[in-house]
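I have placed the structure first, in the form of structure tokens, so that the comments after it can refer back to it.
Both counts, for ligands and for their atoms, begin at 1 and track the order of listing.
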Amino acid sequence: MTTADQSPGSVTVRVPAKVNLDLRVGPVRPDGYHELSTVFMAVGLHDEVTVTTSDTWRVTVGGPCSAGVPTDDTNLALLAARTLAEEVGVHDPVSLHLHKDIPVAGGMAGGSADAAAALVACDHLWSAGMSRDELADLAGQLGSDVPFALSGGIAMGSGRGEQLAPVLARGSYHWVFALSETGLSTPEVYAECDRLRAGRRVPAPTPSPEVMTALRSGDPQALGRALHNDLQPAALSLQPGLAEVLEAGVEYGALGGLVSGSGPTVAFLTASPEAALDLCVSLTASGVAGDVRRAKAPVHGAQVVPGPTRV
Ligand code: C5P
């Protein structure tokens with residue numbers, strides 16, 4: 001990693017991970033997606049995406065969480081850049097460098113975050129002048145979690161997660177994330193959720209009043225009690241060891257814990273920055289979690305980094 005001045009032909013965007021405070025999974029839709037009701041919170045674990053004018057379209061990856069990120073045409077950030085180029089009539093390729101600090105295949109929307117960052121970075125590089133609404137439309141076509149990575153903060157998601165509405169919220173929240181060594185595939189977790197619920201009537205998903213009340217009053221204790229994820233049984237079925245991590249975190253003083261999105265990252269809400277640090281130490285010392293991270297939330301969505309940047 002080096003530091004360099006951001007050249008006129010290069011733009012860096014910083015973009016956060018997310019955790020779902022409440023994830024209700026409804027029936028499968030005709031298009032194969034599940035109808036969702038969710039509450040997203042953007043958390044202070046960030047990737048940085050740098051786009052640079054180039055002769056060819058390409059992606060390079062660095063940073064602590066770079067293992068397993070595809071650098072071929074399936075990379076979602078590359079697809080995002082190409083989609084925007086087509087939309088605004090740009091024919092000059094860019095190279096993308098992803099500095100990854102968000103776990104890969106971890107249920108924290110790292111790939112979606114990179115796609116959102118690529119949209120913002122290319123819009124800036126090409127002076128395309130897209131509005132946030134236009135970018136959000138493109139983002140929704142790229143993936144269900146991409147629009148939230150653009151907006152950040154706290155928002156309700158409906159549809160397949162891409163339709164966002166504001167949430168009245170106050171306060172800061174201190175999270176600990178226990179990372180898993182092996183990722184989980186989102187489609188496989190949804191398929192496991194369907195398998196576990198087979199034969200049962202699945203109601204239309206509705207938001208949890210408890211989560212909304214806790215956010216409105218800025219009450220981390222109440223939020224900790226209200227955390228809920230319909231995908232958790234599926235993630236636990238695919239990675240049974242996560243149950244031990246969840247139990248340990250709550251035993252060591254977390255206000256609440258849940259599998260983040262489709263997992264396997266386990267998210268714990270704590271009462272203060274000190275409590276978060278204590279929980280990290282306890283989880284690591286007990287040996288149930290290898291890699292743990294702390295993050296404050298909420299944070300804003302994808303934003304251009306002014307001045308010096310990582311290359
Ligand atoms: O939208 P995205 O590409 O991130 O979704 C990845 C996969 O997760 C989908 O292909 C689908 O299998 C599953 N999914 C779903 N219902 C949603 C969101 C995602 O079934 N609402």
Side-chain angles (χ1 to χ4, degrees), residues 15-42 47 49 68-70 72-84 98 100 102-119 135-152 155-165 183-198 200 202-208 228-235 237-239 258-265 301-302:
V15 66
K18 60 84 188 169
V19 60
N20 302 77
L21 309 176
D22 185 46
L23 178 51
R24 309 275 165 175
V25 179
V28 186
R29 312 189 317 189
D31 64 3
Y33 284 87
H34 294 72
E35 194 65 26
L36 294 188
S37 168
T38 190
V39 181
F40 293 108
M41 181 181 275
D47 281 358
V49 174
V69 178
D72 61 10
D73 281 348
T74 63
N75 184 286
L76 199 56
L78 179 61
L79 186 63
R82 292 185 118 147
T83 303
L84 181 62
L98 316 181
K100 298 278 318 163
I102 305 177
V104 178
M108 300 191 76
S112 302
D114 299 341
L119 288 178
L135 286 181
D137 272 354
L138 279 186
Q141 293 165 33
L142 290 161
S144 310
D145 292 336
V146 184
F148 179 69
L150 281 180
S151 71
M156 256 195 64
S158 59
R160 57 186 169 86
E162 89 289 13
Q163 289 166 28
L164 300 179
L184 279 174
S185 139
T186 303
E188 281 172 25
V189 175
Y190 274 99
E192 182 67 2
C193 176
D194 290 340
R195 195 186 68 78
L196 293 175
R197 305 195 302 193
R200 269 191 275 157
V202 178
T206 50
S208 137
H228 176 85
N229 181 2
D230 276 349
L231 290 178
Q232 185 162 305
S237 163
L238 295 172
Q239 275 196 25
L258 85 176
V259 168
S260 177
S262 56
T265 304

Query raised in the report: Does any N or O atom in Arg160 lie less than 3.5 angstrom from one in ligand 1, N or O only?
Result: yes
Query raised in the report: Are any of the N/O atoms in Thr186 less than 3.5 Å from those in ligand 1?
Result: no
Query raised in the report: Are any non-hydrogen side-chain atoms of Asn20 and Phe40 less than 4.5 angstrom apart?
Result: yes
Report summary line: Correct closest heavy-atom pair for Pro147 and Ala139 would be N-CB, 3.7 Å
Report summary line: dist Leu258:CG -> Leu23:CG (nearest 0.5 Å) comes out at 8.5 Å
Query raised in the report: Is the side chain of Arg195 donor-acceptor paired with the backbone N or O of Ala234 at a distance under 3.5 Å, no angle test?
Result: no
**Report entry** Donor-acceptor pair, side chain of Ser237 and main chain of Pro233, under 3.5 angstrom
**Finding:** no
**Report entry** Ala115, Pro187, Ser185: member with heavy atom nearest to atom 7 (C) of ligand 1
**Finding:** Pro187
Checking a contact table here: which protein heavy atom is nearest [atom], and how many Å away?
atom: atom 19 (C) of ligand 1; result: Tyr190 CE1, 3.6 Å
atom: atom 16 (N) of ligand 1; result: His34 N, 2.8 Å
atom: atom 5 (O) of ligand 1; result: Tyr33 CE2, 3.9 Å
atom: atom 1 (O) of ligand 1; result: Ser144 OG, 2.5 Å

Query raised in the report: Counting each atom of ligand 1 from 1 as listed, which ones have a heavy atom of Gly143 under 4.0 Å away?
Result: 1 (O)
Query raised in the report: Do Ser260 and Thr265 have side-chain atoms, one donor and one acceptor, less than 3.5 Å apart?
Result: no
